[in-house]
Amino acid sequence: KRLVLDGVSHVIGFDESYVSLDTSLGRVVVEGEGMKIESLSREDGLICITGEISAVFYTEIKGKNGVLRRIFK
(Lines give C-alpha, C1' and ligand atoms only; values in the text may rest on other atoms or scores of the structure.)
Protein backbone atom coordinates (compact mmCIF):
# COMPACT_ATOMS: atom_id res chain seq x y z
CA LYS A 1 0.00 0.00 0.00
CA ARG A 2 2.89 2.40 0.62
CA LEU A 3 6.50 2.58 -0.56
CA VAL A 4 9.09 5.15 0.54
CA LEU A 5 12.44 5.35 -1.30
CA ASP A 6 15.42 7.59 -0.77
CA GLY A 7 18.31 8.50 -3.03
CA VAL A 8 15.93 9.48 -5.84
CA SER A 9 17.59 11.77 -8.36
CA HIS A 10 15.03 11.84 -11.21
CA VAL A 11 11.49 10.63 -11.91
CA ILE A 12 11.52 9.29 -15.47
CA GLY A 13 7.80 8.67 -15.83
CA PHE A 14 4.68 7.59 -14.00
CA ASP A 15 0.99 6.84 -14.26
CA GLU A 16 -1.48 4.73 -12.24
CA SER A 17 0.25 1.47 -13.17
CA TYR A 18 3.99 2.26 -12.98
CA VAL A 19 6.59 4.65 -11.61
CA SER A 20 10.09 4.70 -13.15
CA LEU A 21 12.88 6.59 -11.44
CA ASP A 22 16.64 6.94 -11.20
CA THR A 23 18.33 6.65 -7.82
CA SER A 24 21.90 7.09 -6.69
CA LEU A 25 22.38 3.30 -7.02
CA GLY A 26 20.42 2.58 -10.21
CA ARG A 27 17.01 2.53 -11.85
CA VAL A 28 13.86 1.47 -9.96
CA VAL A 29 10.54 0.60 -11.61
CA VAL A 30 7.46 0.13 -9.43
CA GLU A 31 4.39 -1.60 -10.90
CA GLY A 32 0.87 -1.81 -9.54
CA GLU A 33 -2.62 -0.33 -9.74
CA GLY A 34 -4.06 3.00 -8.65
CA MET A 35 -0.65 4.32 -7.70
CA LYS A 36 -0.03 7.95 -6.80
CA ILE A 37 3.07 9.90 -5.90
CA GLU A 38 2.05 11.25 -2.50
CA SER A 39 5.22 13.25 -1.95
CA LEU A 40 8.53 13.96 -3.64
CA SER A 41 11.38 15.90 -2.06
CA ARG A 42 14.12 16.81 -4.51
CA GLU A 43 16.27 18.25 -1.71
CA ASP A 44 16.20 15.02 0.35
CA GLY A 45 15.78 12.60 -2.59
CA LEU A 46 12.71 11.02 -0.96
CA ILE A 47 9.59 9.75 -2.71
CA CYS A 48 6.42 8.25 -1.23
CA ILE A 49 4.23 6.12 -3.53
CA THR A 50 0.83 4.77 -2.47
CA GLY A 51 -1.53 2.29 -4.12
CA GLU A 52 -1.65 -1.44 -4.85
CA ILE A 53 2.05 -2.17 -5.39
CA SER A 54 2.62 -5.53 -7.06
CA ALA A 55 6.32 -5.42 -8.08
CA VAL A 56 9.52 -3.45 -7.61
CA PHE A 57 12.36 -3.90 -10.11
CA TYR A 58 15.90 -2.64 -9.55
CA THR A 59 18.73 -2.34 -12.09
CA GLU A 60 22.04 -1.18 -10.71
CA ILE A 61 24.35 1.21 -12.53
CA LYS A 62 27.21 -0.66 -14.19
CA GLY A 63 30.60 -0.06 -12.64
CA LYS A 64 29.22 1.04 -9.28
CA ASN A 65 29.23 -1.02 -6.10
CA GLY A 66 25.46 -1.49 -5.92
CA VAL A 67 23.32 -3.01 -3.24
CA LEU A 68 23.19 -6.50 -4.72
CA ARG A 69 26.94 -6.61 -5.29
CA ARG A 70 27.52 -5.76 -1.62
CA ILE A 71 25.00 -8.36 -0.43
CA PHE A 72 26.43 -11.23 -2.52
CA LYS A 73 30.09 -10.33 -1.99
Side-chain angles (χ1 to χ4, degrees):
K1 298 257 180 203
R2 181 176 176 198
L3 175 67
V4 178
L5 295 172
D6 66 358
V8 175
S9 57
H10 182 72
V11 176
I12 298 166
F14 65 93
D15 65 18
E16 288 186 353
S17 63
Y18 88 101
V19 178
S20 178
L21 34 98
D22 284 334
T23 70
S24 57
L25 296 176
R27 177 149 306 156
V28 175
V29 176
V30 182
E31 293 182 351
E33 294 179 17
M35 294 192 308
K36 298 178 190 174
I37 296 177
E38 290 294 322
S39 63
L40 173 62
S41 171
R42 298 189 88 184
E43 296 83 32
D44 298 328
L46 290 171
I47 190 168
C48 178
I49 302 167
T50 59
E52 292 294 323
I53 298 167
S54 58
V56 178
F57 300 98
Y58 166 74
T59 305
E60 68 184 327
I61 300 170
K62 294 189 189 267
K64 289 225 176 189
N65 289 330
V67 174
L68 295 179
R69 182 165 292 144
R70 289 190 305 243
I71 291 172
F72 295 109
K73 203 172 201 181

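Between Ser54 and Gly32 the shortest heavy-atom distance is OG-CA, 3.6 Å. The shortest heavy-atom contact between Val29 and Ser20 is CG2-OG, 3.9 Å. Contact detail for Val30 and Met35: the closest heavy-atom pair is O-CE, 3.5 Å.
Criterion: ILVMFWY side-chain heavy atoms under 4.5 Å apart, direct or through other members. Under it, Ile47 and Phe57 are not part of a common hydrophobic cluster. Put simply, Val11 and Tyr58 are part of the same group of oily side chains (I, L, V, M, F, W, Y) that touch within less than 4.5 Å, one to the next. Cluster annotation: Tyr18 and Ile12 are assigned to distinct hydrophobic clusters (Ile/Leu/Val/Met/Phe/Trp/Tyr, side-chain heavy-atom contacts under 4.5 Å, transitive). In this structure, Val4 is not a member of the same hydrophobic cluster as Val8, with clusters built from ILVMFWY side-chain heavy atoms closer than 4.5 Å.
The side-chain hydrogen bond (donor to acceptor under 3.5 Å, both in side chains) search around Glu52 returns Lys1, not counting sequence neighbours. Here Glu38 pairs with Lys36, Cys48, Thr50 under the side-chain contact (heavy atoms from CB on, under 4.5 Å) rule; sequence neighbours left out.
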**Prompt:** For Leu5 and Leu21, what are the C-alpha separation, side-chain angles and deciding distance, and is it a side chain to side chain contact (heavy atoms under 4.5 Å, CB included)?
**Reply:** CA-CA 10 Å; Leu5 295 172; Leu21 34 98; 4.0 Å; yes
**Message:** Applying side chain to side chain contact (heavy atoms under 4.5 Å, CB included) to Asp44 and Asp6, what does each step give before you reach the verdict?
**Reply:** CA-CA 8 Å; Asp44 298 328; Asp6 66 358; over 6 Å; no
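Here OG1 of Thr59 is found 12.5 Å from CG of Leu25. Values are rounded to the nearest 0.5 Å.
Side-chain atoms of Ser9 come within 3.5 Å of backbone N or O of Asp22 as a donor-acceptor pair.
Taking a 6.0 Å sphere around CZ of Phe14, one finds it holds 12 or fewer heavy atoms contributed by other residues, nucleotides or ligands.
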